[in-house]
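Please read the structure below before turning to the comments.
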Amino acid sequence: MLDVDIEKLCTNILDMVSKQKVLDLVKKLHSEESMSDRKVVLDCVIYLLQQSQNLDYNSSFQKARIIQDLIWEKLNTGHWKEVWKGWRSVYALVAIYRIITVCECLLKKNIPIENVTKVPENNEFEDENIITAVIDSTENQTVISTQEKSSNQTEKENKRKLSNSSFVESKTASMKDIMEELVQLADMGLLLGAPVMHNCLETIAQVITEHLSQDSIILENEANLKIAKILESKEYQIEDVEVKLGENDKKLKLLERTEDLTIEDFMINYKEPEKPVIITGCMDDWPARKGPHKWNVPYLVKIAGPRTVPIEIGRNYTSDQWTQQLMTVKEFAKQYLKEDATDVGYLAQHQLLDQVPALAQDICIPDFCYTGEEDDVDVNVWIGPKGTVSPLHTDPKHNVLCQVSGSKYIVLYPGESTEYLYPHPTPLLFNTSRIDLQDVDYAKYPNFVKADGWHLILNPGEMLYIPPGVWHFVKSLDTSFSVSFWWK
Ligand SMILES: O=C(O)CCC(=O)C(=O)O
């Protein structure tokens, strides 16, 4: 018997979207497109979608998955910015189609859940052949070197794992698993696809996540995650910090702290002269700081567990081994935020509050952000274990970096010190210093000793104002949740 809430959820989703609408939109793309190779693939998509409408739920779901694989190949051939936007729309549309199929199946109360998740044994092979033939017939028209293709292979494989939602891997799944995978499907459509049908994937991911967050099962599972407890009371002294800059240490002053700063004082004393400062006492009313909405790992998993996010893996973004991987917040917490985690994974500079509006209610945009030319504020979340590093770099906007929980060690240099900080010569990294502050090579960068700067520990409940062009290096001292606000 289907839970009344799930029934309502599925009915609401089906009120929002329909298979016919998906098909109509793919047909529209087909009719508007003039390039023959794209038309061939779209023909195939339309054929498979039409066929799948008359099939049982399993076969229909599998057929849609195969179509999504086909489009996934198109998205990952050549450079992302050159990918035809139509492929992104089709990818999102097929994600919607797959979600509709599962909801329809769940609403047919006489169908056991196992049937949603069962791997079909017969017709998949035949369709894989159609897909391979279509890819082969169209891919040779895409300019991509063999070498580039093979180096992309592993990454492709990793991404493919996510693209192929694991519905197909398990023979049975709980309702919660199914709901979580629907969120994953929606997120993949959002991340790789283009906004379609009033961006309904966003709404679908949100409503299901909200439903799951009320579910006590998630809370029970948290116990199994062995997630890290935040040592709120731990206070760090600057002397305890492991980062040692050698000769340059002597040039670092402790950054000033100011309490309950008024807008007027901020404008006159810090924003106008572009002087960094630590602001205390301005985050006390954030729900994220205390009470039932206090940000910590269990709360994050409860509110955003099934959502898919990009995780930075590796020492920092300048190192060769650095990579990014898509995973759910729950997987991220399990792998990187538990007490005995050895690897560092960083949910860095991500607009998580746009993705999960429930979390946006836990923070307050600081009034300082409305002192600029525009009211647009870029809000990014930074969540990671002890040891995440953002190498020395600058940003073009004003920034208040707000520390919700955990502490960070930060080193700052004014824009005037740029000549001593050896920015990377490549256009992509021009705003990042070549100096590794965790292991300074003075033989290679002798002028670094001349750079005057500040350092500080940013404690929970404190904000750091970083003016545009001010160099900053950030290292987390324990599990840390921060939010940055950039404005012009
Ligand atoms: O917290 C971090 O790791 C980096 C923050 C940062 O670079 C920023 O807010 O601009």
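Whatever order the structure lists them in is the order used to number ligands and atoms, beginning at 1. Residue numbers run from 1 in the order of the sequence given.
Partner Y413 forms a ring-ring contact (aromatic ring centres under 6.0 Å, His included) with one of F448, F473, Y422 and no other, that one being F448.
Taking every heavy atom of W486 and a limit of under 4.0 angstrom, the matching atoms of ligand 1 come to 9 (O), 10 (O). Residue S484 approaches ligand 1 through these ligand atoms, each under 4.0 Å from one of its heavy atoms: 9 (O). Counting the atoms of ligand 1 from 1 in the order shown, those under 4.0 Å from a heavy atom of Y346 are 1 (O), 2 (C), 3 (O).
A donor-acceptor contact under 3.5 angstrom links the side chains of Y236 and D478, judged on distance only. For the residue pair Q403 / S482, a side-chain donor-acceptor distance below 3.5 Å is found, with atom types taken as modelled. Under 3.5 Å, the side chains of Y317 and Q349 contain no donor-acceptor pair of N or O atoms.
Protein heavy atom at the shortest distance from atom 1 (O) of ligand 1 is K408 NZ, 2.8 Å. Remark: minimum distance from atom 4 (C) of ligand 1 to any protein heavy atom is reached at S390 OG, 3.2 Å. Among all non-hydrogen protein atoms, the one lying nearest atom 10 (O) of ligand 1 is D395 OD2, 3.0 Å.
The aromatic rings of H398 and W487 sit parallel to each other, their planes meeting at less than 30°, with 60° as the upper class boundary.
The shortest side-chain heavy-atom distance between V22 and V17 does not fall under the 4.5 Å cut-off.
Comparing heavy-atom distances from atom 8 (C) of ligand 1 across N399, L401, V389 singles out N399 as nearest.
For K488, the NZ atom counts as loosely surrounded, since its 6.0 Å shell holds 12 or fewer non-hydrogen atoms of other residues, nucleotides or ligands.
Of all the heavy atoms of H472, the ones lying under 4.0 Å from any atom of ligand 1 belong exclusively to the side chain.
Close to ligand 1: H393, with a non-hydrogen atom less than 4.0 angstrom away.
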